[in-house]
Amino acid sequence: MSGAEFLLWMRGPGISFAALFFIAGVVLRLIEILMLGRTKNLAELRGSGSTAGMRTIATRFLPADANTFRRSLPTIVLGYLFHIGLFVVIFLLTPHIKLFQSVFHIGWPGLPTPVVDFFTVVALVSMLGLLWRRVSNRLLRFLSTGEDYLSWAVTFMPLLTGYLSYHHLLLPYSWMLGIHILSVALLLVIFPFTKLMHSFTLFIARYYNGAIAGEKGVQQ
Amino acid sequence: MNFTDATRSRVEISAEADLTHNVRPLLHEIRHALQQLSQTGETHVIDLRRIPMAPGEEARILELLGEGEIKATLTVLGRSTIIETAYAGVWIITHYNESDEILGRFIEITDAPAILKSQKEEIALAAAQLFKMLSADQPTKEETRNDSDQS
Amino acid sequence: MTAIKAESRRPADETLGEALRSHGISRRGFLKFCATTASLMALPPAMIPVVASALEKARRPSVIWLSFQECTGCTESLTRSHATTIESLIFDHISLDYHHTLQAASGTAAEAAREAAMRDNHGQYLLIVDGSIPLGNPGYSTIAGVSNLDMLRETAEGAAGIIAIGTCAAYGGLPHAAPNPTGAVSVSEIITDKPIVNVPGCPPIPVVITGVLTHFLTFGTLPELDSIGRPMAFYGQNIHDRCYRRSFYDRGLFAETFDDEGARKGWCLYKLGCKGPVTYNACATTKWNNGTSFPIESGHPCLGCSEPDFWDMGGFYRTLSMPTGHFSTALGYGVAIGAAAGLASALLGRSERDKARSAHEKVSVDDLDKGGSS
Amino acid sequence: MTQPSLEKGVNILREQIDGPVAAFFSSCVHCGMCAEACLFYTETGDPKYTPIHKLEPMRRLWEREFTFAGRIKKWLGLAPPISDEELEQWQPVVYDSCTLCGRCSMVCPVGNDITYMIRRMREGMAASGNAPQGLIGATTRAVKLGSPMGVKLATLEAQARHVKISTGLDVPFDEEGAEYMVVLSSMEVVNYPEYLEAITRIFHEAGKRWTISTEAFEATNSGIQIGVSDIAAELVGRIVAAAEKLQVKTVITPECGHAYTALRWEGPNLIGRPFLFKVRHILEVLDDLREQGLLQTSGMENDRITFHDPCQLVRRGGVVDPPRNLLNMVSNNFVEMEDHGTMNWCCGAGGGVSANEAADEIRLKAFKRKKAQLESLEVETLVTACANCRIQLEEGIEENEMEIPVVGITEMLAAHLVEHPSSDEGEQP
């Protein structure tokens, strides 16, 4: 198999299959969660649960307060850097935008490639930092399961292979790009059945948490 | 410079025309080579065919280098021009074929391009031929051919 | 470098240096020849003296050119090659003993010439192939009643090396494109015991063809190759990396259509399907039509013609990062499958919970102590 | 009479799985931030106290029975069922080292309400017989004697007589049609009778009709703490029956955190219908009286004071401003702790921990957090609004040889109450 054949297969059946698996998995998981429902709160409510829920979806993007930020400083800083880097790379690199455009028929302007490249490095370095913390910090090592490391690896690989292919390192571009898409395919397949699913469910979780608190008049 | 002129008229040259930024690095390379030449006598050749030029870039480089005092034309296998630029020690050598199409263009950083000099083997041959002519005591016109090319 | 010695000299043969001198070419002429030849082979100028001494001693090889499922575009490209003086000096020096499009002889006489060349230069001649070889049915393409497959096998047997000219010979090319009705394959899929140089392109850049031939003629060896058999000297660099429009890509400035502002300003053609990022060829530096321009310079995205399967790369105008095939359909099926499976799973979960709720036994304070209350 | 069993516990745990639980488990990324928000982790440094980790058996049940991938795992034998040993092993982290304070739920970046789940997890623990002995005892007393501390009506009546002696005011029992029905915590009856006297005087001044039911004066609800909704519902039901019988407009819960949660928020859900009366915390009522001008005070405390927010009242109950409004009425030197309001640190004894002897040691260890907070503020008096917090605070302060008196807000207000001449005794205690 040549690099071109491999790339073509990945761009064609490979990524389509992974996408099918991904979307099926995500829909499955979301239905599974939402269908379990929440029983109606019969207490005399002090505020609107849905308003508070929506509010919490937004407010949880920031740490609860300065002391919480201070207590978990490395986790929060590295976490932000990683997520911002990942967001920029996924949604603001022109080739990626074209991919979304081919599916959703809407596009948006991308960032200059060297800027995206910089964010890739930011994401990669912060992910290494997070991994280092996971293995070296007693608390995180205790909490971590195989799934945590698997999720880390399948997230790290697309970033790494994307970086390598952009810089034409290690392998010919067709191969590297093919491997990049393969790593994304792997991520997509694994995504719905691991904690990676949090990218979708955190909105539900925050909503419920905010609603439960908001009905009691607690603003978060 | 026929083809670059043609390119210039075909593609609009905007302010972004030297975008590949080949102009500046190339001039730097020439500057380094000149320094090297003046300090150690080491020569350097740049093959312009090996550099991906944006439209108008090659013309821009030639324009920036300008023309100096020497302009020689060699006539063998088509024309070749050997021009010293406005910068002493920087030569532009352009080889054409018999249809006057460019075969290759080189920038040589040297005190005198090798191709301009009389060639050792031919100098020896010339001496032998001149001797032969004198000893036969019959003057002919053919022998000077190789040295009469400069214009 | 693939070290096959092209010792195809017939005892009486003169070297290239001798030939040039006998043509009355001066030493300066030889220097010009060497400089342009080195440039042609994409060798750095520092290699000119090496080229000079090699050319001085180069011998005349016998060449057999076979054309299979092809369009003659490659031959056209070569014969339209601009640098007539230099090329003709080189081609004058090789013995093109068989090329069924170019040779005057035809029929039995032509085949006899091929057989004679094979016999006389066994183990030493160079075989050039353009076009792919059909494996589906030998009758799809024959020459003098001989199938392409048989002719290739037979001619390759005594060759010192093979140059596969054009994407068809190198990788199957257009005939190989899906659904590949003739079962077309490349030379390297049939011949595995000979050194093969692939010179892909549709067609290849003429000076690249002559550059490779010159390399063989000059050094008597095949040049250094990349992982898919192409000479590194010409195919070592990525179109995208060497593209003069690259800075637009980096700045995020793209032509969105063929007639928008970006197209007029010469911005990057990536979104219009340019295959530059996955294509290795010398177009950006060597260019076409006497170095005038190359497709991207003319405002058209690169098709990736020097890459295997470029016909099937998901469409010439489809952005490289866009999935090919039925991606959106797959997503649609995904949603449907996910919804069905999710509904089933959720209902199963709910029924388990409902069952648990209806089986609920009221817990009283007497039911809390494991050890005690009997 | 039945025995607790694993089967029963797991069955009840299964009943607890709902959308929020599934969303929360799906979202956890093991970032460890909940641990940093939990005083049992911060004061011990032991990772087993990480809040989300306390739910591991419940998470496994959810994964096994409520997710597609989990069912496959189960079918492949990769997801073993929950065992009784496992639940027993989890008892110390689910009960001894969790006060249901809800601080972890505030910091979780993906928004998990971990406390919500621990409350539910305890349902399964209790039904499988894995609740701590201390809590079982308290719950049994609550159901059988009417009070977790075994306080009987006679004790309350004795306290009412003391109030009569010191204030000349009657504590009204079983008065139909009163505006307020007051419920009390056993601790207030036994340890802090000042509360009863304070509200008697305040309501008298405000001219409000109030009463105490002799059938349901106990506000605390061990069922909530141990995690048995059936029992919690029974205990709530007693108050509901009494309030509806007396046709009161509002039931006032005392200075007790979980009693508020039990009646105000869980109550209607436990009995399966909305109440016909309102439930208010005493601080809410006092704050209303303040706003209406029915609560007038004179004089200011000059001592440097701070307020300890009872978790169930503030973070989990939503009563954040009233204590501050009320304190500012009577103090000109009120300072906030560094982490306060909804981000306050728990005293370390809520959620049934104080009734659980097994947790005694860790409960006092957890107090170190509060100690550090108090020391950095250098306050002279500590005010709170929960009898359970108050006991823990007093015990912790004594244990650590500090000298800070702890008082309840209501009694502090009563000390400054402006009393009108109609009352004979103008003297303040």
Side-chain angles (χ1 to χ4, degrees), chain A residues 2-5 7-8 10-37 92-105 107 109-117 165-166 168 171-175 177-178 181 192, chain C residues 171 178 226-228 237-238 240-241 246-247 249-254 256 268 270-271 273 275-280 304 307-310 312-314 318-350 353:
Chain A
S2 71
E5 281 170 332
L7 174 60
L8 195 65
M10 282 316 309
R11 281 178 68 205
I15 197 69
S16 292
F17 178 74
L20 186 151
F21 208 83
F22 168 78
I23 203 78
V26 168
V27 169
L28 165 96
R29 289 295 310 277
L30 293 179
I31 292 179
E32 246 173 24
I33 293 165
L34 294 171
M35 288 264 299
L36 282 171
L92 296 176
L93 178 70
T94 303
H96 295 164
I97 296 170
K98 286 301 282 184
L99 166 74
F100 292 117
Q101 208 178 344
S102 74
V103 183
F104 303 112
H105 304 288
L111 282 180
T113 327
V115 176
V116 179
D117 194 45
S165 54
Y166 172 66
H168 293 251
L171 290 173
Y173 186 76
S174 313
W175 275 107
L177 185 59
I181 300 175
Chain C
Y171 308 124
D226 71 5
S227 63
I228 51 174
Q237 272 173 341
N238 188 270
H240 185 57
D241 282 355
R246 174 58 183 265
S247 59
Y249 175 85
D250 287 341
R251 281 189 283 160
L253 298 172
F254 298 93
E256 306 276 347
C268 179
Y270 181 85
K271 289 187 176 179
K275 302 298 182 290
V278 290
T279 306
Y280 292 80
E307 297 298 318
D309 297 316
F310 78 98
D312 297 320
M313 268 193 229
R318 193 169 178 83
T319 307
L320 192 57
S321 63
M322 283 184 171
T324 63
H326 308 288
F327 189 72
S328 297
T329 319
L331 289 182
Y333 278 116
V335 171
I337 294 169
L343 211 61
S345 177
L347 290 175
L348 197 60
R350 280 180 72 112
R353 187 178 63 186

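Chain A is the first sequence line, chain B the second, and so forth, proteins listed ahead of strands; every chain is numbered from 1. A quick note: this is a predicted structure, and the numbers were derived from the prediction, not measured.
Contact of Leu348(C) with chain A is not made at all, since no heavy-atom distance falls under 4.5 Å. Only the side chain of Phe254(C) comes within contact range of chain A, with at least one heavy atom under 4.5 Å from a heavy atom of that chain. Contact of Asn238(C) with chain A is made through the side chain alone, with heavy-atom distances under 4.5 Å. Contact of Leu7(A) with chain C is made through the side chain alone, with heavy-atom distances under 4.5 Å. For chain A, the nearby part of Tyr270(C) is the side chain; its heavy atoms alone come within less than 4.5 Å.
Side chain of Tyr280(C) to backbone of Tyr173(A): a donor-acceptor contact under 3.5 angstrom is found. Judged by distance alone, the side chain of Arg11(A) and the main-chain N or O of Met313(C) form a donor-acceptor pair under 3.5 Å.
The side-chain hydrogen bond (donor to acceptor under 3.5 Å, both in side chains) contacts involving residues 321-330 of chain C comprise nothing, where partners must be two or more places apart or lie in separate chains.
When Pro308(C), Gly252(C), Gly304(C) are compared by the number of non-hydrogen pairs under 4.5 Å with chain A, Pro308(C) comes out ahead. Ranked by heavy-atom pairs under 4.5 Å with chain C, the list Gly110(A), Pro112(A), Pro109(A) is led by Pro112(A). Contact count versus chain A (heavy atoms, under 4.5 Å) is highest, among Leu320(C), Leu343(C), Thr279(C), for Leu320(C).
Of all the heavy atoms in Val335(C) and Ile23(A), the pair that sits closest is N-CG2, 3.6 Å. Taking every heavy atom of both residues into account, Lys98(A) and Thr319(C) meet most closely at CE-OG1, 3.0 Å. The two atoms that bring Thr113(A) and Tyr249(C) nearest to each other are OG1-O, 2.9 Å, heavy atoms only. Heavy atoms only, all atoms of each residue included: Leu177(A) and Val278(C) are closest at CD2-CG1, 4.2 Å.
Legend: residues meeting side-chain hydrogen bond (donor to acceptor under 3.5 Å, both in side chains) with Asp241(C), ordered by chain and number and at least two apart, are His168(A), Arg246(C).
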**Request:** Please report the C-alpha distance between Ser102(A) and Arg318(C) in whole Å, then the side-chain angles of each, then the deciding distance to 0.1 Å, and finally whether the side-chain contact (heavy atoms from CB on, under 4.5 Å) criterion is met.
**Result:** CA-CA 9 Å; Ser102(A) 74; Arg318(C) 193 169 178 83; 4.1 Å; yes
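Note that OG of Ser174(A) is 7.0 Å distant from CD1 of Ile228(C), once rounded to the nearest 0.5 Å. Annotation: the span from Phe21(A) atom CZ to Ile337(C) atom CD1 amounts to 10.0 Å, rounded to 0.5 Å.
Using a 4.5 Å cut-off on side-chain heavy atoms (C-beta onward), Pro323(C) and Leu99(A) make contact.
The environment of Tyr333(C) atom OH is sparse: at most 12 non-hydrogen atoms of other residues, nucleotides or ligands sit within 6.0 angstrom.
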